[in-house]
Amino acid sequence: MPFHHELGGVEDTLSDLALLDLLTGPMPPPVKGRYRRRDEDLDPLMLAAAAASPHITRNHYAHDFFPGVEDPRKESSYDWTNWKPEDPTERQERRPRLKYESRQAPRSQRLKKLGLEGQEGKENGTKAREVTDPLRRAENLPPAAQRDAHVSPQAAPPTSSTSTTSLPTQVTAPLEVKCMARTRVPTPHGPVFLHLYHNNHDNKEHLAIVVDPAQFQEDSPSLAPPIRSRSLDAVWSEDETEMERITRGAYVGRLSATSQKSSSPVDPQTNITTDAIPSPLVRIHSECFTGETIGSMRCDCGEQLDEAIRQISQPISIPSSSISTPPTTIPGRGAVIYLRQEGRGIGLLSKIRAYNLQDLGHDTVTANIMLGHKADERGYEIAGAILRDLGLGTKTGEGIRLLTNNPDKVQALEKEGIRIVERVMMLPRSWQCRQSDQLVVKNSKEVGATMIGGGAVYGEDLDKYLRTKVLRMGHMLPLLSEEDLL
Ligand SMILES: Nc1nc2c(ncn2[C@@H]2O[C@H](COP(=O)(O)OP(=O)(O)OP(=O)(O)O)[C@@H](O)[C@H]2O)c(=O)[nH]1
């Protein structure tokens, strides 16, 4: 029979009374030699207190019976009657885990998607695979190349008796580069001509930093041929005006208000080389935002870029043929081909992630691989084409002395038909110091060490620029007089 008793707004039932009885009844005698545990399966006192007023006792309740709950107050209206002890396997699953996944489906799956399952392994040798492998020709090409690629069933002849004759083969348009603009840029190592290139294989603007200040000395003929872009000096259209040519950089000498002489197209037959002049120094440099722009000291990229421009700009001494005449000195000449291959081709986003993996203890190669990339994803076809456009490393023209420590780069450029007459090592500056004098390293400058020039920037062009900012744009700088600047 139900027993009802109103107490403070709480309705008591028979079960409540039974519980009360249990609580107020005599305690069982303690077992000798054993302490009473507070976390028994059912602590009647706690249970009763919780049932009577959960809001008051929740902290105790959770603390003693639910160690898995961090802060019970966060749970506000949680219904504790639904609580179940945590399954250790379930808990394991909920834990966030770091996992690296390849962004590319397995090769067999990709072939299947293209309807080419079973074709893998049929071609003999790498060359055959390179020509006929659709995976290399479509998916792996950057968007511009995909747009330009033609699909032709007969385009590529079979390379072996078992090769995929009936397969549609995607043929990429032959690589073409075009220098879109060129300008003079004064640097701490001397003036350079910056060339901006477009190409039909990727959407990137690759650059060539040409060092050839002899081009400024229009009056005295240079002993060495000028390093000029064939595609820039070409006539682009019959309607092109003199001003348009000059604006895109197709001029000779140094531009000024009084000197504006547009260039003539380079005759492809003229390839002047003199054995007496050392071949131009060339560096193929891959973009590194961190090293070159924010002075990261995780790599030596900034220093290498600076060192390359410095070395190329050094005057060249040409020994004379007779003992009576002194050696001749000509201005330094060569080029840095600056490729937009950030992070060895994996891009800045992945490189940033790779740095975090490196902080966890992985090296630069493993970090790339963990992110689903190759250790090095760079190609040098565009570099080869730019060099040819500048008349460097061609079969009939000047060979190049390549500034690099990377044997793959040498091999890849030679494969592109570039004639490398010498490989010139790039010894990191800190290693040079270490070899000569321990003290120099200790006292060497760290701030700005990776920046081009690494010191105070000054010069005629900078002064002009700063004066304009003061005079035209209201920049708050004390303006020096023309005499002060001399
Ligand atoms: N993925 C990745 N790229 C890096 C890292 N450090 C520098 N790079 C990139 O590496 C490229 C330069 O390559 P390096 O291996 O330093 O030199 P290299 O061009 O192969 O060889 P050298 O001609 O001897 O300088 C640049 O694109 C940098 O952005 C890194 O830790 N991870």
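When a ligand or atom number is given, it counts from 1 through the structure's own listing order.
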If I apply the N/O under 3.5 Å rule, does Gln304 come out as touching ligand 1?
yes
How far is atom 15 (O) of ligand 1 from the closest protein heavy atom, and which atom is that?
Arg344 CD, 4.0 Å
Quick one: which residue pairs count as a salt bridge (charged side-chain N to carboxylate O under 4.0 Å, His left out) with a foot in residues 175-201, not counting sequence neighbours?
Arg184-Asp461
Close-contact set for ligand 1 against Asn405 heavy atoms, below 4.0 Å
22 (P), 23 (O), 24 (O)
Lys/Arg cation over aromatic Trp236: Arg248, 6.0 Å, 45° cone:
yes
Hey, are Arg310 and Glu303 close enough for a salt bridge, meaning a charged N less than 4.0 Å from a carboxylate O?
no
Atom 16 (O) of ligand 1 has as its nearest protein heavy atom Cys301 SG, 4.2 Å
Is a donor from one side chain sitting under 3.5 angstrom from an acceptor on the other, for Tyr380 and Asp408?
no
Who gets closest to atom 18 (P) of ligand 1 by heavy atom: Lys409, Met426, Gln358?
Lys409
Minimum-distance protein heavy atom relative to atom 1 (N) of ligand 1
Asn368 OD1, 2.9 Å
Which residue holds the protein heavy atom closest to atom 21 (O) of ligand 1, what is that atom called, and what is the gap in Å?
Asn406 CB, 3.4 Å
Give the atoms of ligand 1, by number and element, whose distance to some non-hydrogen atom of Cys288 is under 4.0 Å.
28 (C), 29 (O)
Do Tyr197 and His206 have ring centres separated by under 6.0 Å?
no
Kindly identify the option in Arg378, Gln341, Lys374 whose heavy atom sits closest to atom 12 (C) of ligand 1.
Arg378
I'd like the name of whichever of Cys299, Ser286, Pro407 reaches closest to atom 7 (C) of ligand 1 through any heavy atom.
Cys299
Residue, atom name and distance, where the atom is the protein heavy atom closest to atom 26 (C) of ligand 1:
Glu287 O, 3.3 Å
Side chain, backbone, both or neither: the part of Tyr355 lying under 4.0 Å from ligand 1 by heavy atom
side chain
Output the list of atoms in ligand 1 that are nearer than 4.0 Å to some heavy atom of Glu342, sorted by atom number.
27 (O), 29 (O)
Can you pull out the closest protein heavy atom to atom 22 (P) of ligand 1? Residue, atom name and distance to 0.1 Å, please.
Thr404 OG1, 3.5 Å
Do Arg254 and Gln215 pair up side chain to side chain, a donor and an acceptor below 3.5 Å, judged on atom types alone?
no
For ligand 1 and Ile346, I'd like to know whether there is a polar contact (N/O to N/O, distance under 3.5 Å).
no
If you scan protein heavy atoms around atom 32 (N) of ligand 1, the nearest is Thr364 OG1, 3.2 Å
